[in-house]
K.L.:
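Structure incoming, see below.
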Amino acid sequence: MNDALLEDAEQRFHDACEHAQLSVDAIERLQLPEMSLKVSIPVRMDDGTLRTFAGYRVRYDSTRGPAKGGIRFHPSVTAAEVTTLAFWMTFKTALMDLPFGGGKGGVAVDPKELSAAELERLTRGYTAAIADVIGPDLDVPAPDVATNELVMGWMVHEYAKITRRHQPAVITGKPRQLGGIAGRSSATSDGAFLVIRELRDRVLDDLDRPRAAIQGFGNAGAQLATLLAEDGWMVVAVGDSSATIVDPDGLDVAKVREHKDGTGSLAGCPVGEERERDAVLTTETDALIPAALEGAIHADNAGELQAKVVFEVANGPITAQADRILDDTGVEIVPDILVNAGGVTVSWFEWVANRQGDRWTAATVAERLEERMVTETHTVADLADERDLPLRTAAYVHALERLSGAMDATGTADLFANGG
Ligand code: GLU
């Protein structure tokens with residue numbers, strides 16, 4: 001599964017290369033990550049036994065700036081998965097024109113099986129193990145699947161202890177009290193909402209009250225459901241790892257969130273009708289919004305989708321094979337590196353504020369986020385029209401041309417083109 005993920009990423013990269021104006025040197029430099037680290041993290045468990053976990057950090061490319069990307073805690077984390085995600089981060093930061101490269105990290109663990117104290121020891125152990133390869137000018141981690149502000153707080157604190165320096169800009173997505181920024185925890189859904197707002201007429205033909213089905217009801221999925229409902233959308237289905245909840249007339253999102261917050265899952269929700277877990281993907285809807293893990297839409301279920309458009313809030317929720325099926329059936333895809341880029345964009349603001357020793361207001365964050373998301377959304381849409389490309393390819397082409405421009409500006413290509 002994870003090797004397939006890396007193969008998919010490489011294939012999309014090569015597809016995009018055919019449509020982009022790039023130097024051969026840039027393509028060659030993107031073949032392998034700059035640095036991959038695998039570490040062992042021994043953790044003393046509450047019962048006195050010792051357990052060892054595998055941790056990773058990959059810096060894919062840092063031509064445009066320090067590597068940037070989240071840390072995930074999930075049992076499926078492998079070297080191939082982290083490498084793929086770091087590769088995508090390289091494109092995402094270039095697409096948004098942030099002064100960063102791409103990185104990603106993770107620990108193969110099911111955090112639900114650990115007590116809070118065990119999770120803290122694991123996080124601190126992981127931070128110590130990767131301390132040499134992170135830093136405000138080197139590689140800046142942030143939250144990702146199953147990590148949050150609390151985990152980032154432990155990381156920034158541990159890093160300060162190891163380096164004997166207060167360095168808040170080493171981690172973004174921290175608690176406010178430790179230098180975090182207003183709006184970071186809602187940044188992914190806020191950014192996704194802006195992309196959807198800007199492209200709505202293009203992909204949904206001026207529908208009055210479009211329907212949305214959302215797979216994944218964690219931070220991003222649940223907050224986006226609220227934003228869409230407030231904007232007049234009908235949220236007809238939501239799903240998590242326990243169940244799908246449907247109502248063709250639109251769910252009362254506030255009530256669904258109340259149930260999820262109270263019980264930790266959607267199963268047993270008092271509103272809507274309960275269906276099996278994956279039913280959300282094949283519900284009749286206008287927009288399908290996968291906001292969970294990669295690979296949710298694959299060759300076996302892509303043909304059953306009932307949506308006109310898919311907005312990818314998760315990273316890599318559609319496999320390359322499924323992409324082709326959706327292309328044949330006329331389902332439009334708005335790609336992850338654009339739709340979910342709000343998170344890393346607000347991370348950039350946090351990093352800037354930390355380095356300036358400043359605090360930004362929530363209003364400044366919202367205004368600057370809107371400017372970035374709207375600008376790059378229209379750049380991608382215009383490029384898709386100009387070169388007659390699907391939005392995903394256009395997003396990759398746009399990112400690749402920026403990356404290639406930076407690589408070429410280092411001057412080495414010219415040097416060798418002239419025979420050294
Ligand atoms: N994990 C998020 C992503 O995939 C945010 C990364 C960051 O803020 O650095 O984009």
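Ligands are counted one by one from 1 in listed order, and the atoms in each one are counted from 1 as well. We number each residue from 1, following the sequence as shown.
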K.L.:
Quick check on contacts: which atoms of ligand 1 are under 4.0 angstrom from a heavy atom of R184?
P.N.:
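Ligand 1 atoms under the 4.0 Å threshold to R184: 5 (C), 7 (C), 8 (O).
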
K.L.:
Nearest protein heavy atom to atom 7 (C) of ligand 1, by residue and atom, and its distance?
P.N.:
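Looking at atom 7 (C) of ligand 1, the protein heavy atom closest to it is A142 CB, 3.3 Å.
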
K.L.:
Under 4.0 Å from a heavy atom of V344: give me the atoms of ligand 1 that qualify, with their elements.
P.N.:
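Result: 7 (C), 8 (O), 9 (O).
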
K.L.:
Looking only at protein heavy atoms, identify the closest one to atom 6 (C) of ligand 1 and say how far it is in Å.
P.N.:
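Looking at atom 6 (C) of ligand 1, the protein heavy atom closest to it is G70 N, 3.8 Å.
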
K.L.:
Starting from atom 8 (O) of ligand 1, which protein heavy atom do you reach first, and at what distance in Å?
P.N.:
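Minimum-distance protein heavy atom for atom 8 (O) of ligand 1 reads S347 OG, 2.6 Å.
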
K.L.:
Show me which atoms of ligand 1 lie under 4.0 Å from any heavy atom of K68.
P.N.:
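Within the 4.0 Å cut-off of K68, ligand 1 contributes 7 (C), 8 (O), 9 (O).
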
K.L.:
Compute whether any side-chain donor of one residue and acceptor of the other, for S62 and E34, lie under 3.5 angstrom apart.
P.N.:
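E34 and S62 do have a side-chain donor-acceptor pair below 3.5 Å.
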
K.L.:
Check each of P143, G103, G191 against atom 2 (C) of ligand 1 and report the one with the nearest heavy atom.
P.N.:
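Nearest option to atom 2 (C) of ligand 1, by heavy atoms: P143.
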
K.L.:
Kindly indicate whether a cation-pi arrangement holds for R368 with W348, taking the cut-offs as under 6.0 Å to the six-membered ring centre and within 45° of the axis.
P.N.:
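The answer is yes; both the distance and angle limits are met.
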
K.L.:
What I want to find out is whether D408 reaches R29 closely enough, with some N-O distance under 4.0 Å, to be called a salt bridge.
P.N.:
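Not counted as a salt bridge, because no side-chain N and carboxylate O are separated by less than 4.0 Å.
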
K.L.:
Check each atom of ligand 1 against the heavy atoms of G69 and keep those under 4.0 Å away; list them by number with element.
P.N.:
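Every atom of ligand 1 under 4.0 Å from some heavy atom of G69: 9 (O).
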
K.L.:
One residue to check: A341. Relative to ligand 1, which of side chain, backbone, both or neither has a non-hydrogen atom less than 4.0 Å away?
P.N.:
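None of A341 does.
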
K.L.:
With heavy-atom distances below 4.0 Å as the criterion, list the atoms of ligand 1 near D144.
P.N.:
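Matching atoms, with element in brackets: 1 (N), 2 (C), 4 (O).
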
K.L.:
Are the ring centres of Y396 and F13 closer than 6.0 Å?
P.N.:
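No, too far apart.
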
K.L.:
Would you call R51-E118 a salt bridge at under 4.0 Å N-O?
P.N.:
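Salt bridge between R51 and E118, a charged N being under 4.0 Å from a carboxylate O: no.
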
K.L.:
Does ligand 1 have any atom that is closer than 4.0 Å to a heavy atom of R72?
P.N.:
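Judged by the 4.0 Å heavy-atom criterion, R72 does not count as contacting ligand 1.
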
K.L.:
Any side-chain donor-acceptor pair under 3.5 Å between E371 and T375?
P.N.:
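Side-chain D/A pair, E371 to T375: present.
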
K.L.:
If we only count N/O pairs under 3.5 Å, is N340 in contact with ligand 1?
P.N.:
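The answer is no, given that N340 and ligand 1 share no N or O pair closer than 3.5 Å.
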
K.L.:
Under a 4.0 Å N-O cut-off, is there an ion pair linking K92 with D336?
P.N.:
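No salt bridge links K92 with D336.
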
K.L.:
Answer with yes or no whether the side chains of R184 and S347 bring together a donor and an acceptor at under 3.5 Å.
P.N.:
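Indeed, the side chains of S347 and R184 share at least one donor-acceptor pair under 3.5 Å.
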
K.L.:
Salt bridge between D286 and R200, side-chain N to carboxylate O under 4.0 Å?
P.N.:
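R200 and D286: not salt-bridged.
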
K.L.:
For atom 3 (C) of ligand 1, what's the nearest protein heavy atom and its distance?
P.N.:
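Ranked first by proximity to atom 3 (C) of ligand 1 is K92 NZ, 3.3 Å.
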
K.L.:
Heavy-atom distances under 4.0 Å decide this one: backbone, side chain, both or neither, for K104 against ligand 1?
P.N.:
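The answer is the side chain of K104.
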
K.L.:
For ligand 1, does N315 get within less than 4.0 Å through its side chain, its backbone, both, or neither, judged by non-hydrogen atoms?
P.N.:
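Looking at N315 and ligand 1, just side chain atoms fall under 4.0 Å.
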
K.L.:
Return the minimal non-hydrogen interatomic distance between I181 and R176, and the atom names on each side.
P.N.:
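Minimum heavy-atom separation between I181 and R176: C-CD, 3.5 Å.
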
